[in-house]
Amino acid sequence: MSGLNKHAAVGVVAALGAAAILAGGAGAHANRPDPGRTVVDWNRVLLSIVNTPGAQPANIHPTRSFAVLHAAIYDAVNSIDRTHEPYLVSVRAPRGASQTAAADAAAHAVLVALYPAEQSTIDADYAAELAQVADGPAKEKGLMVGNRIAADTLAVRADDGSSLAPPPFVAGPAPGSYRPTPPNLAAPVFTTWGGVTPFVLEDGSQFRPPAPPALTSDAYAAALAEVESLGSATGSARTAEQTQIGTFWSPPIQNFWNQIADTVALAHHSDLSTTARLFAAPDLSLADSTIAFYDAKYAYRLWRPVTAIREADGDGNAKTVGDPTWLPLAGNTAPDPSYPGAHSTISAAAAAVLASVYGDGQSFALTSPALPGVSRSFTSFGAAAQEAGLSRIYAGQHTRIDHVAGVTLGRDVARFVLRNVLVPAHHTKGAKSVSG
């Protein structure tokens with residue numbers, strides 16, 4: 001049982017199992033043709049918050065917020081619907097309680113707790129959502145359920161290690177050892193995030209990839225040569241499209257996949273309970289993938305391409321040659337070790353979960369804040385995931401070694417989540433009453 005579940009005395013702990021189905025609707029806060037639209041609306045509220053400069057605490061990874069939000073929505077709705085096992089907590093909901101009101105209350109309470117400075121905006125969204133639920137006993141009962149679930153979910157996650165202050169990072173001087181990267185030499189981030197209690201995994205190291213190839217290996221030399229050629233800020237061998245791809249995918253990768261889930265969900269129609277499972281499954285996977293890749297990054301502490309290329313003359317490999325002026329297309333490098341790649345891990349996990357719901361062959365278009373006015377189209381989740389991972393080579397951020405390890409890690413996490421949470425209910429004994 002995971003570390004989180006060991007502390008889950010406040011509610012009924014899920015017997016971990018499968019995930020999700022569809023979603024649906026039109027514009028935010030419009031009259032909904034699909035009752036599941038409220039989940040999409042709250043997902044977009046959180047996307048707006050994390051895209052607001054300064055709103056996201058620098059020491060808390062946003063994937064945790066998405067997972068807490070959608071876990072609470074799912075458990076609130078499921079406490080009334082009761083078709084599946086609870087993820088974490090359950091209450092014995094009063095007869096006739098509104099599922100939509102429960103989802104709204106859970107989402108509102110979670111977001112206000114996680115982002116108190118944004119309360120006025122969150123309250124306005126809450127009022128708009130609740131205005132679409134008829135007043136009366138069903139609404140009031142649903143609000144009680146949602147608020148209780150949110151409180152219990154937040155209580156369980158309160159001691160998950162996410163708020164611990166990391167010790168100062170000490171860079172190693174040996175070839176291959178990660179250190180802050182030029183030109184900005186930013187301090188490493190999320191150095192202890194691999195120790196955060198996972199949402200589903202037993203431990204952040206559960207699927208840790210094997211060590212990367214030795215610096216003296218042919219595989220290492222080939223991977224470094226590829227990123228040196230394709231990822232350079234100047235004189236690269238990239239095509240025009242590869243340059244666009246390298247820039248397009250540069251913003252936070254979890255935001256893209258939540259946007260993809262929104263886009264594809266709105267092309268389908270489903271009830272509220274299936275929509276809640278749709279969003280809970282990928283966001284639990286993304287949160288645990290993030291814990292897992294940070295565990296591996298700081299276990300191996302492999303230097304980034306910009307350091308490796310600049311210092312290649314000292315790596316002991318006759319097939320690599322140093323270029324002390326080399327910089328990546330992106331200019332600065334993400335401030336954490338190279339192996340495995342975050343974009344590749346997150347994208348592989350999200351694509352696997354969404355494909356298990358809809359089938360892989362879904363067509364959708366995507367835009368990026370990094371390239372306003374540019375839209376990229378895909379005919380499958382797998383194609384988008386592959387492009388997102390390779391984009392980091394074109395941006396000079398990662399090698400193919402990082403990409404391959406990330407893909408494997410993300411798929412491993414997704415498979416575990418899909419097997420072990422949100423399973424159809426066989427029984428729901430032990431649920432507690434919303435009144436106490």
Checklist entry - Just how far is it from atom OG of Ser273 to atom CZ of Arg82, taken to the nearest 0.5 Å? => result 13.0 Å
Checklist entry - Do Phe381 and Phe364 have ring centroids that are under 6.0 Å from one another? => result yes
Checklist entry - Using the ring of each side chain (for Trp, its six-membered ring), is Phe256 parallel, tilted or perpendicular to Phe248, with breaks at 30° and 60°? => result parallel
Checklist entry - Does any pair with a residue in residues 341-353 pass salt bridge (Lys or Arg N to Asp or Glu O under 4.0 Å), and if so which ones, sequence neighbours excluded? => result none
Item to check | Phe293 and His61 aromatic ring geometry - parallel, tilted or perpendicular at 30°/60° bounds | outcome: perpendicular
Checklist entry - For Tyr339, what residues pass the ring pair (Phe, Tyr, Trp, His ring centres under 6.0 Å) criterion, not counting sequence neighbours? => result Tyr300
Checklist entry - If you count the non-hydrogen atoms of other residues, nucleotides and ligands that lie under 6.0 Å from CZ in Arg411, is the total more than 12? => result no
Checklist entry - Does Arg157 make a cation-pi contact with Phe199 (under 6.0 Å, within 45 degrees of the axis)? => result yes
Item to check | Atom of Val196, atom of Ile291 and distance for their closest heavy-atom approach | outcome: O-CG2, 3.6 Å
Next on the checklist: If we ignore hydrogens and angles and just use 3.5 Å, is the side chain of Asp81 paired with the main-chain N or O of Val77 as donor and acceptor?
Outcome noted: no
Item to check | Test item: Thr274 side-chain N/O and Asp271 main-chain N/O as donor-acceptor pair under 3.5 Å | outcome: yes
Next on the checklist: Rounded at 0.5 Å granularity, tell me how far CD in Gln397 sits from CZ in Arg392.
Outcome noted: 4.5 Å
Checklist entry - What is the ring orientation for Phe169 with Tyr298, classed by angle as parallel under 30°, tilted 30 to 60°, or perpendicular over 60°? => result perpendicular
Next on the checklist: Under 4.0 Å between a side-chain nitrogen and a carboxylate oxygen: does that hold for Arg415 and Asp412?
Outcome noted: yes
Next on the checklist: Between Lys139 and Val133 (side chain of the first, backbone of the second, donor and acceptor by atom type, cut-off under 3.5 Å), is there such a pair?
Outcome noted: yes
Checklist entry - Hey, does Ile393 have a side-chain heavy atom less than 4.5 Å from the side chain of Thr399? => result no
Next on the checklist: Once you measure the plane-to-plane angle for Phe416 and Phe207, does it fall in the parallel (<30°), tilted (30-60°) or perpendicular (>60°) bin?
Outcome noted: perpendicular
